[in-house]
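Residue numbers start from 1 in every chain, and the chains themselves are labelled A, B, ... in the order their sequence lines are given, proteins ahead of strands. Heavy-atom basis, side chains included; hydrogens, waters and symmetry copies ignored.
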Amino acid sequence: MIVARREAWTGRLLLVLLMAVTLVPFLSLFLTALHPSGTYPQGLDWPSHPRWSNFTTAFRAAHMGELLKSSTLIVLGVVPVSLLLATMAGFAIGHLRIVGRRLVFLVFVLGLTLPFEGIITPLYYQVRQMGLLNTRWAIILPLVGLFMPFSVFWMRAHFVNMPEELSEGARIDGANVWQLFWRIHVPLAMPAISSLAILLFLWTWNQFLLAIVLVDDPAKRTMAGALGAFQGQWGTDIPLLCAGSLLILAPTLVIFLAFQRRFVSALLQGSLKG
Amino acid sequence: MARPTFDTTVEGGEIRPAPAADREVHSPARRTAGLRTQRWFGWLFVLPALAVYAVFVLQPLFLTVEYSLYRWDGIGPATWVGLDNYAKVFTDPDLSGTILHAFTLIVFFSLIPVVLGLVIASTIRRIAASRLAVAARTVLFLPQVIPLVAAGIAWSWLLSSTGLVNQLLARLGLGGMTRAWLGDFSTALPAVGVIGAWVLLGLCTLLLLAGMSKIDPALYEAARLDGAGPIREFVSITMANLRQEIGVCVTVTVIAALATFDIVYISTQGGPGNATMVPGLEIYYQAFSERQVGVASALAVVLMLLVLACVLPIQWLTREESR
């Protein structure tokens, strides 16, 4: 009993310590953001006159309104299409058991560990040739392709476990494959689809490499890409940079806190399956 | 970010269970014929996904290999140079150095988060259901949710010469150690590693904790009754049952280490000198600043093969017995 209780207390202590370490960078960003712009504050320090106006200045300097719009457009371009294509492909490979499914699946799985840097160079020339450089399509289209291995993998894992009897019944009732897919399997796959949606949203919103390589105008990038440009422009004004960083990471934070249960389970499952 | 990896689980039950009685009732000939067409028709469902994947992943993948065999500045004509670019990647110390840096980062991105994660998870295993632990799940996930760029900015500031890290050191009486951690040749790479460790520690801890919660508590009770100490218990119960989770953590973090880009780009840009240059960033510079598309592509091919060479054995080691 005593051993167990002591273990529980060391556990709690360790947990609090770990949480503190996780939160310190955020706290430091926040406190620094409140200092007069242009100063170099020392470590963690509550300023005597917090400058809340730094946030509005950074909001304007970073063109936050435009950035939010741009990132939202990119997410809307990437996530629904990826979900649809991956669900269809996962359904065919996992449930319809199409001819040659092993081979197609292997081709998709090959892309799972691919670092984006590996193909960024030809991607640049390809996108340029398509005349899409510096448009949001330059981020949207490649991302849909790059997310496909994981998405197909994820959806196949769901469909493989769906009992065949489910489709047997529908077929006897005269449903064709398309109806079988939309009326029966998509509704049942909703939990898997919505978890995938969360992951894809996060990965799109935070995408950095494609944004800085393929789009010059920060106003047409993702949030993360714009933050890179913001750092380049305001890197010497630390409080303003910190305020800007906080604003730029705020949207994901808000959405995370709103859907935290789903997020946590999606991320845990995501890396476990992955 | 949870990076996808391989899962070689084979489809369960290749033989479709079609009860004989059932088949007899509903005109067998038509149904099997229907299934056969469906097996071809199903391709229509795969084609759109495959098309996007082929154009934006497979095609650039082949192009990378092709580019790597040429000298090309991205504008003028390209000259065939065979394997010269690869020779350069392995002999030019600036280029081969990036690979060494990536491997050094594995210590910080993988070893530290996984080992610390194991220690922390097994310590907090008993209180995993408490309110504190539930709150911790949310907090520990924050680094996974924010853009790595933001983590880079926050940490650049913490590690700067007037940052919190130095302030703490000074307060502990270690004022002599203070420095601009990311600007010092000897500490820049480990400092970048610390940022990566911060990002990945929470994820590893939670993954391992989730794995531990699946272990039957009776096993621990039995071990205690048999007089096993905490270390013995850890090795023969916790570790033995966590093969798969450890494998996932190692895979995800090793890929993150080898393919790191965002953090380095933001915090050091590869400097000071070349002290923190990693393959991802070098590819970016070679291709878009130096206009050495061939060299960039050769390094890209090497990077992709390295990732596979590291990930496949890990998968193989951690899957085989757990199945």
Answer whether the closest heavy-atom distance between the side chains of B:Q144 and B:V199 falls below 4.5 Å.
-> yes
Of A:L253, A:L13, A:V213, the largest count of non-hydrogen pairs under 4.5 angstrom with chain B goes to A:V213
When the 4.5 angstrom heavy-atom criterion is applied to A:V81 and chain B, the contacting part is neither
Honestly, the part of A:M155 sitting under 4.5 Å from a heavy atom of chain B is neither
Checked B:L63, B:I266, B:L61, B:V301 vs chain A; the most non-hydrogen pairs under 4.5 Å come from B:I266
Subject >> Proximity of A:F91 and A:H95 rings by center, below 6.0 Å >> reply: yes
Whatever's closer than 4.5 Å to a heavy atom in chain A on B:T260 counts as backbone
Given A:V24, A:L84, A:T10, A:I238, the one with more heavy-atom pairs under 4.5 angstrom with chain B than any other is A:I238
Under 4.5 Å to a heavy atom of chain B? For A:L257 that would be side chain
Under 4.5 Å to a heavy atom of chain A? For B:L201 that would be side chain
Mind telling me whether A:F147 and A:W203 have parallel, tilted or perpendicular rings, with 30° and 60° as the class edges?
tilted
Max heavy-atom pairs within cutoff under 4.5 Å with chain B, candidates A:I212, A:V144, A:I120, A:N161, goes to A:I212
Honestly, the part of B:F288 sitting under 4.5 Å from a heavy atom of chain A is side chain
A:M223 and A:S71 have their tightest heavy-atom pair at N-OG, 2.8 Å
Side chain proximity check, A:V177 to B:F41, heavy atoms < 4.5 angstrom: yes
**Prompt:** Would you call A:W205 and B:P147 a side-chain contact if the rule is heavy atoms closer than 4.5 Å?
**Reply:** no
So, the part of A:M88 with a heavy atom under 4.5 Å from chain B: the answer is both
- [ ] Flag the pair A:N176 / A:R171 as yes when at least one side-chain heavy-atom distance between them is below 4.5 Å, and no otherwise.
- [x] no
Quiz item: Does A:F108 have its ring centroid less than 6.0 Å away from the ring centroid of A:F150?
Solution: no
Honestly, the part of B:F62 sitting under 4.5 Å from a heavy atom of chain A is neither
Ranking B:T138, B:L303, B:V307, B:I283 by heavy-atom pairs under 4.5 Å to chain A gives rank one to B:T138
Bottom line for B:L58: the part with an atom under 4.5 Å from chain A's heavy atoms is side chain
Bottom line for A:L18: the part with an atom under 4.5 Å from chain B's heavy atoms is both
Interface check, chain B: of A:A224, A:P149, A:G118, most non-hydrogen pairs under 4.5 Å belong to A:G118
Assert top hit (heavy-atom pairs under 4.5 Å, partner chain A, pool B:L44, B:V145, B:L140, B:I124) equals B:V145
With chain A, the option among B:G202, B:A49, B:A300, B:A296 that has the most non-hydrogen atom pairs under 4.5 Å is B:A49
Answer key: most heavy-atom pairs under 4.5 Å with chain B among A:T87, A:V21, A:V152, A:I255 is A:V21
B:L132 side chain near A:V16 side chain, heavy-atom distance below 4.5 Å:
yes
Ranked by heavy-atom pairs below 4.5 Å to chain B, first place among A:T121, A:L15, A:L202, A:L14 goes to A:L15
Answer key: most heavy-atom pairs under 4.5 Å with chain A among B:L258, B:V293, B:D262 is B:D262
Between the CZ atom in B:F56 and the CG atom in A:L210, the distance rounded to the nearest 0.5 Å is 11.0 Å
Under 4.5 Å to a heavy atom of chain A? For B:W43 that would be both
Bottom line for A:V104: the part with an atom under 4.5 Å from chain B's heavy atoms is side chain
